[in-house]
Structures are given as C-alpha cells and as structure tokens.
Amino acid sequence: MVDQGGSGQALSYPIPSEAALEPPAEWAELRQQCPVARVKLPSGDEAALVTRYEDVKQVLSDPRFGRRLDADGAARIADTESGGVFNSDMASALPESGEGHLKWRRMVGKWFTAKRMSALRPGIEEMAERLIDDMVRNGHPADLTANLGFPLPVWVICDMLGVPESDRDRFSFWSDTLLNLTKYSEAEIAAAQADFAAYMTAHIAATRAEPGDDILSELITATDSAGEPMPDAALIATGMGLLVAGHETTSNMIGKMVAMLLSDRRRWERLLADRSLVRTAVEEVLRFDANGGFGLPRFITEDTEIGGTVVPTGTTVICNMAAANRDESAFAGAGGMELDRSPNPHLAFGSGAHSCLGQSLARTELQAVLDVLLRRLPTLDLAVDATDLRRREGLVVGGLDEVPVRW
C-alpha cells in the first residue's frame, strides 16, 4: 500500500465532497497517482482503498477476497463497537462463499429474474402514478424522496416479502441503524436490531402457519439441490437483508437520479424528446452517481497483487465503485453524462459471484419511475439550486437529505 501523497498518514475515509452531486477531487488523484491507498475508517482501523476500474473489478470478482469482516485482523468499518453491517451477526448467518453461497443465491435469485421484474412493472407504474397524484394534490414545492423515492420501493419489497407496508417507518429506522457508519450509538443499534430480528422471527413463524404468495413463504418450504431446507437463522437474515437492500438503496437512487437529470435541464429535455433513452439513461445515472456511499469491503488472507502493488495478507480492501465508474480508462468522457452511452459496463451493482441480487428489481423501479415522471410531470424541476442539495451523512449508503421539486 502507498501513502496518499507520500505524507506518511492515512487518508480519512469516506472522503467528503464539496457538492452533493459531485465527486471528491481526490478520486482522480488517487486513480492516477495512488491506486492502492492507505485510508483510516470511521472505526479508527486502517484499510486499503482501490479506485481504478480494473482494480475494483478484480477485487470484487476474485474469490480470494472474502466478503465478511468477522475474521481476526479484519477492519471494523463503523465507529461503534460492533463495527457496522459488514461485521454484523446478520452477515455471518448467510453462507459467504462456495457451494453454500451458490445454493442460497439460487434459492433466492429465482424471485429476482428479469422476467419476474417485467411482470411486476405494471404494478410499479400504477403505484408511482398514485404517489405522484398525492404529491401533486398536496402542491409544490415537494420532497420527491419522501413522496415517491421512499414509499415506492418499500411498497414493492413489502409486497414481495409479505410484510405489511404500514410498518414502513419502523423498517426505515431499522435499516438506517443496520447501515450505520457514524450516525447511531452502539446502544441504539443493538436495540433496533434486536427489535428487527424479533419482528422478522415472528413474521416467519406467522408465514409458516399461513403461507402466501411471497418470497419467504416459498423459502420456508423450499429445499436446495441437496434436499435441505434453509435454516431458520438464514431465513431471518435473508428477510432482514432483502427488506433493507430492497428499499434503502433504490429509495436513495430515485432521488439522486431525478436530481442529476434536473441539475442540467438539457438532460431532462432530451428525455422528454426521446423516451426511448430511458433505459440507457438509467444505466448512465447509475454509472455517474458520485454519491454511491461507502463502497464494498473485502478481506484477503494471502498476499495479493492489485494494480502492480502487493497488498499483504490480513488487509481489508475497500472497493469504491463510484470512483471506478469515473475512470477514463474504462469510460470515454467519464466525467460527463451521456444518456445514450452503450455499452455501459458500470460497477454500481458490483461484479462477479456477489454482484447485487436485486439489480433487475432496481433497474425496473428506476425505469418505471422515470417513465411515469416524464409522462406525468414534464415541467418537473428542482426547487433549489443543485449546489444547495445536501448528502445524507453517517450511513454506508449514499443519498440526499431531500430533493425539493416543483412543476
């Protein structure tokens, strides 16, 4: 590993940015001068940060890089004693690699195929219409995240899991505490996660007694290729994980997507003139997102070369996919947004065997929301200057506090 700038001190991470929609200047410097940089995490532990496209893709795809950070010597991420979501008991309840992970992924993944997502799209669009109706009825300016970005993905994942949408405010708090970086205390996190686990345990018990047409009902009765059912601990962790992942990142991404497209009005106008660009525009928004959050950590148990640098065993490596997605060596004109960019092999959903299981769902929701907004609110605009937007702080996921809009 190399010291950033040769200063002898590790760079504090995450790296702050002066503007909510813009990347930190340090990203370009690191890619060019220090592709494997020493960083100090909120926990105080040190890690190696990779920011180049090829290096990030290598680390995420290499099975030698472990996903869980419960190994001796692995860095703690958050500033709490437990170290955060990547060090959590929930993560350790699911198979991390090998055949066990493949079996789990096959059992869960059948619910997230592109075909199933296409079937869900009409319902997603209908819900988006209803939420926009309510937002328009209440008048502008309005917070797009609170009125559309948050409730839509929550409704979708609650329906898929068979849990009541009426509990969505509790889910939001539980998700935030699980994804803590610097926002919550250890006591707050422990209490929230105990409540979350108890809720999911009771829900699975009720579902076992009265199954429905949802993911958890099927997983309770399903068996893997060896004829084994999913253990209760894995069922609970799967339910919790899907509930968090199924709404948190997409909720944030809806707000960021609209903010990015409206921050330069020419982008919105181009989509209004050519709706066929919605699909590629969503992919470009995912690539261009400079507020992607913490990134993905990995832990290595043998000396490994990354980008010409030998990284020693016992190192925690942080993959910053958002920085990698701005790499000029992978994307021509990477610093600009091209709504028709194709191909667009961005790393927003990761890479390799552990790439995001719900990426088809996220794409479907983002495309559906953008289609409906363009049709219903062609005059949509930011109600504040883009430079006045503020990032959500203290969580491992990236987002905006609010996205005030008018029409």
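Every heavy atom of this structure was used, including side-chain atoms; hydrogens, water molecules and symmetry mates were not.
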Peer 1: Counting heavy atoms not belonging to Lys183, are there more than 12 under 6.0 Å from its NZ?
Peer 2: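 Atom NZ in Lys183 is packed in, count exceeds 12.
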
Peer 1: Using a 3.5 Å distance criterion without hydrogens, assess whether the side chain of Arg31 forms a donor-acceptor pair with backbone atoms of Ala323.
Peer 2: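 Present.
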
Peer 1: Answer yes when Arg270 and Asp340 have at least one side-chain N-carboxylate O distance shorter than 4.0 Å, and no when they do not.
Peer 2: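 Counted as a salt bridge, because a side-chain N and a carboxylate O are separated by less than 4.0 Å.
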
Peer 1: What heavy-atom pair brings Ser185 and Glu188 nearest, and what distance separates the two atoms?
Peer 2: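 Heavy-atom minimum between the residues: N-OE1, 2.9 Å.
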
Peer 1: side-chain contact (heavy atoms from CB on, under 4.5 Å), that's the test. Do Leu370 and Arg279 meet it? Break it down for me.
Peer 2: CA-CA 9 Å; Leu370 185 52; Arg279 186 187 60 79; over 6 Å; no

Peer 1: Which heavy-atom pair separates Met337 from Phe288 by the least distance, and what is that distance?
Peer 2: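 Closest approach of Met337 to Phe288, heavy atoms only: CE-CD2, 3.3 Å.
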
Peer 1: Counting C-beta onward and ignoring hydrogens, is there a side-chain heavy-atom pair between Leu395 and Phe294 closer than 4.5 Å?
Peer 2: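 When only atoms from C-beta onward are counted, Phe294 and Leu395 do not touch, as no gap falls below 4.5 Å.
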
Peer 1: What are the two closest non-hydrogen atoms of Asp45 and Ala74, and how far apart are they?
Peer 2: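 Heavy-atom minimum between the residues: OD2-O, 4.5 Å.
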
Peer 1: Considering all heavy atoms of both residues, which atom of Pro229 and which atom of Thr223 are nearest to each other, and what is their separation?
Peer 2: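 It is N-CG2, 4.0 Å.
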
Peer 1: Might you point out which heavy atoms bring Leu400 and Ala259 nearest each other, and give the distance in Å?
Peer 2: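 Scanning both residues, the minimum pair turns out to be CD1-CB, 3.8 Å.
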
Peer 1: Could you tell me whether the side chain of Tyr199 reaches within less than 4.5 Å of the side chain of Asp167, counting heavy atoms only?
Peer 2: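 Result yes, sub-4.5 Å side-chain heavy-atom pair found.
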
Peer 1: Does a side-chain N-to-carboxylate-O contact under 4.0 Å join Asp289 and Lys256?
Peer 2: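 Salt bridge flag = yes for Lys256 with Asp289.
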
Peer 1: Can a cation-pi geometry be assigned to Arg168 and Trp155, taking NZ or CZ under 6.0 Å from the six-membered ring centre and within 45° of the ring axis?
Peer 2: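 Judged by the rule (NZ or CZ under 6.0 Å from the ring centre, within 45° of its axis), Arg168 is not positioned above Trp155.
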
Peer 1: Is it true that Arg130 and Asp133 make a salt bridge, defined as a side-chain N closer than 4.0 Å to a carboxylate O?
Peer 2: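 No, Arg130 and Asp133 are not salt-bridged.
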
Peer 1: Between Arg121 and Asp371 (salt bridge meaning N to carboxylate O under 4.0 Å), is one present in this structure?
Peer 2: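 Salt bridge flag = yes for Asp371 with Arg121.
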
Peer 1: Take Arg64 and Glu302 through the test salt bridge (charged side-chain N to carboxylate O under 4.0 Å, His left out) and record every step on the way to the result.
Peer 2: CA-CA 8 Å; Arg64 294 176 298 172; Glu302 60 182 88; 3.4 Å; yes

Peer 1: If I take atom CD1 from residue Ile220 and atom CD1 from residue Ile215, how far apart are they, to the nearest 0.5 angstrom?
Peer 2: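 Here the rounded value is 12.0 Å.
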
Peer 1: Closest approach of Tyr53 and Pro345, non-hydrogen atoms and distance?
Peer 2: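 Heavy atoms of Tyr53 and Pro345 come nearest at OH-O, 2.6 Å.
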
Peer 1: May I ask you to decide if Glu402's main-chain N or O and Asp143's side chain share a donor-acceptor pair within less than 3.5 Å?
Peer 2: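 Flag not set: sc Asp143 to bb Glu402 has no pair under 3.5 Å.
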
Peer 1: I need the Thr51 OG1 to Ile15 CD1 distance, nearest 0.5 Å.
Peer 2: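 Here the rounded value is 8.0 Å.
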
Peer 1: Do Val311 and Glu305 touch side chain to side chain, with heavy atoms closer than 4.5 Å?
Peer 2: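 The answer is no; the side chains never approach within 4.5 Å.
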
Peer 1: Within the 3.5 Å criterion, strictly below it, is a donor on Arg363 or Gln359 matched to an acceptor on the partner's side chain?
Peer 2: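 Yes, a side-chain donor-acceptor pair sits under 3.5 Å.
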
Peer 1: Counting distance only, does the side-chain N/O of Trp268 pair as donor-acceptor with the main-chain N or O of Pro378 below 3.5 Å?
Peer 2: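 Such a contact is found between Trp268 side chain and Pro378 backbone.
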
Peer 1: Test Glu284 against Arg341 for salt bridge (charged side-chain N to carboxylate O under 4.0 Å, His left out), laying out the working first.
Peer 2: CA-CA 7 Å; Glu284 183 67 345; Arg341 187 185 296 273; 3.0 Å; yes

Peer 1: Ile300 and Thr313: side-chain contact (heavy atoms from CB on, under 4.5 Å), yes or no, with the steps?
Peer 2: CA-CA 6 Å; Ile300 55 173; Thr313 183; 5.7 Å; no

Peer 1: Can you tell me how far the CG atom of Leu261 sits from the CG atom of Leu382, to the nearest 0.5 Å?
Peer 2: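 Here the rounded value is 10.0 Å.
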
Peer 1: Please step through side chain to side chain donor-acceptor pair (under 3.5 Å) for the pair Ser342 and Thr280, ending with a clear verdict.
Peer 2: CA-CA 7 Å; Ser342 184; Thr280 55; over 6 Å; no

Peer 1: Side chains of Phe112 and Ser360: closer than 4.5 Å at any heavy-atom pair?
Peer 2: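 They are not in side-chain contact.
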
Peer 1: Ion pair present between Glu54 and Lys57, side-chain N to carboxylate O less than 4.0 angstrom?
Peer 2: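 Lys57 and Glu54: not salt-bridged.
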
Peer 1: Relative to the ring of His346, is the ring of Phe349 parallel (under 30°), tilted (30 to 60°) or perpendicular (over 60°)?
Peer 2: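 Aromatic pair Phe349/His346 classed tilted.
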
Peer 1: Do the side chains of Arg38 and Glu46 get close enough for a salt bridge, i.e. N-O under 4.0 angstrom?
Peer 2: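 Salt bridge: yes.
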
Peer 1: If you apply the rule side-chain contact (heavy atoms from CB on, under 4.5 Å), what do you find for Thr364 with Leu120, and how did you get there?
Peer 2: CA-CA 8 Å; Thr364 300; Leu120 288 179; 5.5 Å; no

Peer 1: Let me see the working for Leu242 and Val108 under side-chain contact (heavy atoms from CB on, under 4.5 Å), right down to the final yes or no.
Peer 2: CA-CA 10 Å; Leu242 290 177; Val108 178; 4.1 Å; yes

Peer 1: Output the distance between atom SG (Cys319) and atom CG (Leu60), rounded to the nearest 0.5 Å.
Peer 2: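 Here the rounded value is 4.0 Å.
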
Peer 1: Hey, are the side chains of Ser175 and Leu243 touching, using non-hydrogen atoms and a 4.5 Å cut-off?
Peer 2: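 Counting from C-beta outward, Ser175 and Leu243 never come under 4.5 Å.
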
Peer 1: Please report whether the ring centroid of Phe173 lies less than 6.0 Å from that of Tyr184.
Peer 2: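 Centroid separation for Tyr184 and Phe173: below 6.0 Å.
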
Peer 1: Strictly distance-based, threshold 3.5 Å: is any side-chain N or O of Ser355 a donor or acceptor partner for the main-chain N or O of Gly350?
Peer 2: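 No, Ser355 side chain to Gly350 backbone: no donor-acceptor pair under 3.5 Å.
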
Peer 1: When you check the gap from the basic side-chain N to the acidic O, do Glu129 and Arg375 get nearer than 4.0 Å?
Peer 2: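 Yes, this pair counts.
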
Peer 1: Mind checking whether Glu218 and Trp111 have side chains closer than 4.5 Å, heavy atoms only?
Peer 2: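 A side-chain contact exists here, since the closest heavy-atom pair is under 4.5 Å.
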
Peer 1: Do His247 and Phe171 make the cut of ring centroids closer than 6.0 angstrom?
Peer 2: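 Not under 6.0 Å, so no.
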
Peer 1: Evaluate the side-chain proximity of Leu339 to Asp274: yes if any heavy-atom separation is below 4.5 Å, no if none is.
Peer 2: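 Answer no - side chains too far apart.
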
Peer 1: Short question: side chain of Asp303, backbone of Pro312 - any donor-acceptor pair under 3.5 Å?
Peer 2: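 No; judged by distance alone, with no hydrogens or angles, the pair does not exist.
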
Peer 1: Within the 3.5 Å criterion, strictly below it, is a donor on Thr207 or Ser217 matched to an acceptor on the partner's side chain?
Peer 2: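 No pair is found: no donor N or O on one side chain lies under 3.5 Å from an acceptor on the other.
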
Peer 1: Can a donor-acceptor pair be found between the side chains of Gln193 and Thr177 at a distance below 3.5 Å?
Peer 2: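 Yes, because at least one side-chain N or O of Gln193 sits under 3.5 Å from a partner of the opposite role on Thr177.
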
Peer 1: Report the residue from Thr387, Asp385, Leu389, Leu21 that forms a side chain to side chain contact (heavy atoms under 4.5 Å, CB included) with Ser263.
Peer 2: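 Result for side chain to side chain contact (heavy atoms under 4.5 Å, CB included) with Ser263: Leu21.
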
Peer 1: Measuring only between side-chain heavy atoms, which start at C-beta, is Arg265 closer than 4.5 Å to Asp381?
Peer 2: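 The answer is yes, as the side chains (C-beta and beyond) meet within the 4.5 Å cut-off.
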
Peer 1: Is it true that a side-chain atom of Arg116 and a backbone atom of Lys110 form a donor plus acceptor pair closer than 3.5 Å?
Peer 2: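 Judged by distance alone, yes, a pair lies under 3.5 Å.
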
Peer 1: Dump the intermediate steps for salt bridge (charged side-chain N to carboxylate O under 4.0 Å, His left out) on Glu283 and Arg287, then the final yes or no.
Peer 2: CA-CA 6 Å; Glu283 296 305 311; Arg287 182 198 70 83; over 6 Å; no

Peer 1: Less than 4.0 Å between a side-chain N and a carboxylate O, is that true for Glu248 and Arg392?
Peer 2: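 Looking at Arg392 and Glu248, the cut-off is met.
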
